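The structure presented is a predicted model; accordingly, all values stated were derived computationally and were not measured.
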Amino acid sequence: MPTPSENTLFGMGNPLLDISAVVDKDFLDKFGLKPNDQILAEDKHKALFDEIVKRNKVEYHAGGSTQNSVKIAQWMIQKPHKVATFFGCIGTDHFGKILKKKAEEAHVDAHYYEQNEEPTGTCAACITGDNRSLVANLAAANCYKKEKHLDLDSNWELVKKAKVYYIAGFFLTVSPESIVKVAKHASDNNKIFCMNLSAPFISQFFKEPLMKVMPYVDILFGNETEAATFASVLGFGTDDIAEIAKKTQNLPKENMKRQRVVVFTQGKDDTVATVGEKVTMFPVLDIDQNHIVDTNGAGDAFVGGFLSALIQEHALEECIRAGHYAANVIIRRAGCTFPEKPDYQ
């Protein structure tokens, strides 16, 4: 198998500093949060960020969905460093400095677009039991500008160096034109473009930009809730996850040299994936409920593990196995964090 070289994997998304804390039901109710959800912060949530920091033992981690996934991919591969490139926008502030330092520690080649109009974005992870409610205040992450960053020759050279591309659906709310530019490049050059449905609200409220990118998507990730929402928005007329995967695979596609692969995770239930013409179920690794600390980064970790095998040109089954391993490690820890080295065989 080829050893990946620097900048083989390219990710672009919303770099956020994760602020995670265990809260109670009263806290969720106060801010109108569901126990297990991902939303964008509205005005009524502004106080949440101050309050979560004040009232609970808080952990800070470099986050944002795409950044988490490329960080995990790098961790799985270990050497060389900087296998993954990451683009996104941060502020010129304290949190921005932390993010830069954390990306460096994770050996990710982060090239941030830095601006001083908005502060670095944050994401509050409100944990109750096995559930986590995520509230993202994009702030600076929302300010990514294609013409100010992606289009610059030195940055576009890094895009061209990559063989595999991954962008979470969350970035559709920020810069759909940047996503299309990268997706088209991948498609035109027969490289692999991967995307994530990311959250139910993406399919519901950003269907148009999502469907503009879909013809370029070679591998689509999502979880069972996101898959069901996507199916209902597109009028698939089924809530059977295998059927949804099949119908999603058959949506129009630009680069016909690669058949689209659809991968839906379902928490502790089997992962569903399209393998050629059929849909296959892949059981996840067993884990004792008592060992689950925080499911917050599980989806991002699954994608990171998957990508680490994909850039080494492993078969789909092996990519899923690597994804299951990474997710299994992450849920035993708080936040999207990991031990020094993987013990993955």
Quiz item: Will you find, in the side chains of Thr92 and Asn116, an N or O donor that is under 3.5 Å from an N or O acceptor?
Solution: no

Quiz item: Do the two ring centres, one from Phe221 and one from Phe264, sit under 6.0 Å apart?
Solution: no

Quiz prompt | Contact summary for Asn68 and Ala62, nearest pair of heavy atoms | solution = OD1-O, 3.3 Å

Quiz prompt | Minimum heavy-atom distance Gly169-Ser198, with the two atoms named | solution = N-OG, 2.8 Å

Let me have the donor-acceptor pairs involving side chains of residues 271-279, under 3.5 Å, with sequence neighbours excluded, atom names and distances please.
from: Thr271; atom 1: OG1; to: His324; atom 2: NE2; distance (Å): 2.7
from: Thr274; atom 1: OG1; to: Val262; atom 2: N; distance (Å): 2.9
from: Glu277; atom 1: OE2; to: Gln259; atom 2: NE2; distance (Å): 3.0

Quiz item: Got more than 12 heavy atoms from elsewhere within 6.0 Å of CG, Asp288?
Solution: yes

Exercise. Take atom CD of Glu117 as the centre, draw a 6.0 Å sphere, and report whether it contains more than 12 heavy atoms from other residues, nucleotides or ligands.
Key: no

Quiz prompt | Flag if over 12 foreign heavy atoms under 6.0 Å of CD, Glu208 | solution = no

Self-check item: Check ion pair Lys100-Glu104 (N to O, under 4.0 angstrom)
Solution: no

Exercise. Tell me whether the centres of the aromatic rings in Tyr144 and His149 are closer together than 6.0 Å.
Key: yes

Practice problem: Kindly say whether the aromatic ring centers of Trp156 and His185 come within a distance under 6.0 Å. | Solution: yes

Quiz item: What's the shortest heavy-atom distance between Ser308 and Ala322, and which atoms?
Solution: OG-CB, 4.4 Å

Quiz item: Got Leu152 and Glu147 here, is their nearest side-chain heavy-atom distance under 4.5 Å?
Solution: no

Quiz item: Looking at Lys257, Arg260, Lys253, which hits salt bridge (charged side-chain N to carboxylate O under 4.0 Å, His left out) with Asp218?
Solution: Lys253

Quiz prompt | Electrostatic pair Lys184-Glu254, nearest N-O below 4.0 angstrom | solution = no

Exercise. Could you tell me which non-hydrogen atom of His81 sits nearest to which non-hydrogen atom of Lys79, and how far apart they are?
Key: NE2-CE, 3.6 Å

Quiz item: Are more than 12 heavy atoms from other residues, nucleotides or ligands located less than 6.0 Å from atom NE2 of His94?
Solution: no

Quiz item: Could you walk me through whether Glu318 and Arg321 pass the salt bridge (charged side-chain N to carboxylate O under 4.0 Å, His left out) check?
Solution: CA-CA 5 Å; Glu318 179 51 39; Arg321 194 170 79 87; 3.1 Å; yes

Practice problem: Ignoring hydrogens and angles, state whether a donor on the side chain of Asp188 or Tyr216 is under 3.5 Å from an acceptor on the partner side chain. | Solution: no

Quiz prompt | Over 12 non-hydrogen atoms of neighbours within 6.0 angstrom of NZ in Lys181 | solution = yes

Self-check item: Close side-chain approach of Thr229 and Gln204, heavy atoms under 4.5 Å
Solution: yes

Quiz item: Please, which pairs that meet side chain to side chain donor-acceptor pair (under 3.5 Å) have at least one residue in residues 233-248, sequence neighbours excluded?
Solution: Lys246-Gln249

Quiz item: Just wondering, are more than 12 heavy atoms of other shown residues or ligands nearer than 6.0 Å to NZ in Lys46?
Solution: yes

Quiz item: Does the pair Lys54/Glu51 count as a salt bridge with the N-to-O cut at 4.0 Å?
Solution: no

Exercise. Salt-bridge test for Lys25 and Asp29: reply yes if a basic N is under 4.0 Å from a carboxylate O, no otherwise.
Key: yes

Quiz item: Do other residues, nucleotides or ligands put more than 12 heavy atoms under 6.0 Å from the NZ atom of Lys191?
Solution: yes

